[in-house]
Number of protein chains: 2
Amino acid sequence: MICMTDLCTTSALRLIQVAEDFRAGLSGEFSAVHGISVNEFLLLLHLERATANRLSRVDLAKRMHVSASTITRMAAPMEKIGLVGREVDDRDARLVFVVATVTGREKLSQSLATFSKRAGYLFSNRWEDEELDQFSEMLRRMIGGTGDTLA
Amino acid sequence: MICMTDLCTTSALRLIQVAEDFRAGLSGEFSAVHGISVNEFLLLLHLERATANRLSRVDLAKRMHVSASTITRMAAPMEKIGLVGREVDDRDARLVFVVATVTGREKLSQSLATFSKRAGYLFSNRWEDEELDQFSEMLRRMIGGTGDTLA
DNA sequence: GCAAAATGCTTGCATGTGCAAGCGATTCGC
DNA sequence: GCGAATCGCTTGCACATGCAAGCATTTTGC
């Protein structure tokens, strides 16, 4: 018996599986070719797509579904190797923004090319343009409307 | 300029984001209501859907995109609380299969209900049945054809 | 104005995970 | 058959991460 519940469940399972497959493949190439993790890539991407190209640590944490302490500990080595820097807020001394350096933006650009290549593998030669359009639009509708989105 | 590459990239980013949003929400409810992690749930689900309802540790590792040592360390506490047991292979003494106990299957059943409920939230009231059908079929095509699939 | 609550960030501790090494069992090459 | 290579699993170590506590700063309630 196929009912709506089953279809939702199956779709959600497939969604998780496809995302994890893709991410697992990405992980190897990222560390080998670019020397960064997928999460570090996503951190740089969040910065690039944020207003003013900078984000506080708690904002980053919410967008990346990790704790604030993880952001602190992710940013430290990225500062050390010059991918990101920090900016303080004039009005609120508690805020410490994370900003991408020029080096960080270059790293993001190179990593994004790898990402796009693999994204192409994931879809290409299987789907019509129209199908992909529709798929992308469906996913857009599934992302929460907070606006703090990557795509 | 919108080209195929951009569309693939955007779709892949959205795919990852939706999957992580969903998984993050699931994680809290699973630990609070069922006392298991999402990965433990997925381990039980892999067992349920495997032929003979059992899998070796390396098979589990491949299907779950984790290392073999992680399976060893995940299975140990699950054995302790009676969710899974172990079976040895008569012909190959190296193989130690992981099998779900009755308790484990009950836990899976309850957890799957939570999963389905949240999967329903993810899709329901937004999509037509036909759209969801198509979405599910698209995801099916994106899963590698090894057959070791959950859905 | 000021104390209390809230906010942003960091740190200590516990847990989860991957990698490499090690051990026992099996298969391969000859 | 037998040694070497392979395979399945486990363990030591290092690293990543969440939670709770702590500190500094800001906002709130009065």
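Remember, predicted model here, so these are calculated numbers, not experimental data. Labels below follow one simple rule: chain letters A, B, ... track the order of the sequence lines, proteins then strands, and each chain is numbered from 1.
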Expressed as a whole number of angstroms, how long is the span from [X]:[atom1] to [N]:[atom2]?
| X | N | atom1 | atom2 | answer |
| --- | --- | --- | --- | --- |
| B:Met64 | C:dG18 | CE | C1' | 15 Å |
| A:Lys62 | C:dC9 | NZ | P | 10 Å |
| B:Asn39 | D:dG18 | CG | P | 14 Å |
| B:Glu40 | C:dG16 | CD | P | 8 Å |
| B:Arg54 | D:dG8 | CZ | C1' | 15 Å |
| A:Met78 | D:dA16 | CE | P | 12 Å |
| A:His65 | D:dT17 | NE2 | P | 15 Å |
| B:Asp90 | C:dT26 | CG | P | 11 Å |

Between A:Glu131 and B:Arg141, does a salt bridge (charged side-chain N to carboxylate O under 4.0 Å, His left out) hold up when you go through it step by step? CA-CA 12 Å; A:Glu131 282 182 309; B:Arg141 276 193 277 165; 2.9 Å; yes
Walking DNA chain D from its 5' end, the first of A:Thr70 and A:Arg91 to be reached, judged by nearest nucleotide, is A:Thr70
Map A:Ala93 and A:Met74 onto DNA chain D by nearest heavy atom, then report which one ends up closer to the 5' terminus. A:Met74
Nucleotide of C:dT11, D:dT10, C:dG18 approaching B:Val66 most closely (side-chain heavy atoms): C:dG18
Strictly below 4.0 Å, N to O, side chains only: are [X] and [Y] in salt-bridge contact?
| X | Y | answer |
| --- | --- | --- |
| B:Asp89 | B:Arg91 | no |
| A:Arg140 | A:Glu137 | yes |
| B:Lys117 | B:Glu29 | yes |

Please give me the minimum heavy-atom distance between A:Ala19 and B:Leu15, naming the atom from each residue.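 Heavy atoms only, the tightest pair is CB-O, 4.2 Å.
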List the atom of A:Arg57, the atom of A:Thr72, and the distance in Å for their closest heavy-atom pair.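 A:Arg57 and A:Thr72 have their closest heavy atoms at NH1-CA, 3.9 Å.
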If you compare every side-chain N and O of B:Arg73 against the phosphate oxygens of C:dT17 (OP1, OP2), does one of them come in below 4.0 Å? no
Is the shortest side-chain N/O distance from B:Thr72 to OP1 or OP2 of D:dT10 below 4.0 Å? yes
Once you apply a heavy-atom cut-off of 4.0 Å, does B:Ser56 come out as touching a base, just sugar-phosphate, or nothing?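 Sugar-phosphate, backbone atoms only, no base.
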Can you find a donor-acceptor N/O pair under 3.5 angstrom joining the side chain of A:Arg94 to the base of C:dC9? no
With no angle test and no hydrogens, is the base of C:dC19 tied to the side chain of B:Ser69 by a donor-acceptor pair under 3.5 Å? yes
To the nearest 10 degrees, how far apart in direction are the end axes of the helix from C:dG1-D:dC30 to C:dC30-D:dG1, each fit to five base pairs?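 The value is 30°.
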Evaluation steps, side-chain contact (heavy atoms from CB on, under 4.5 Å), between B:Leu44 and B:Val84: CA-CA 8 Å; B:Leu44 289 173; B:Val84 301; 3.9 Å; yes
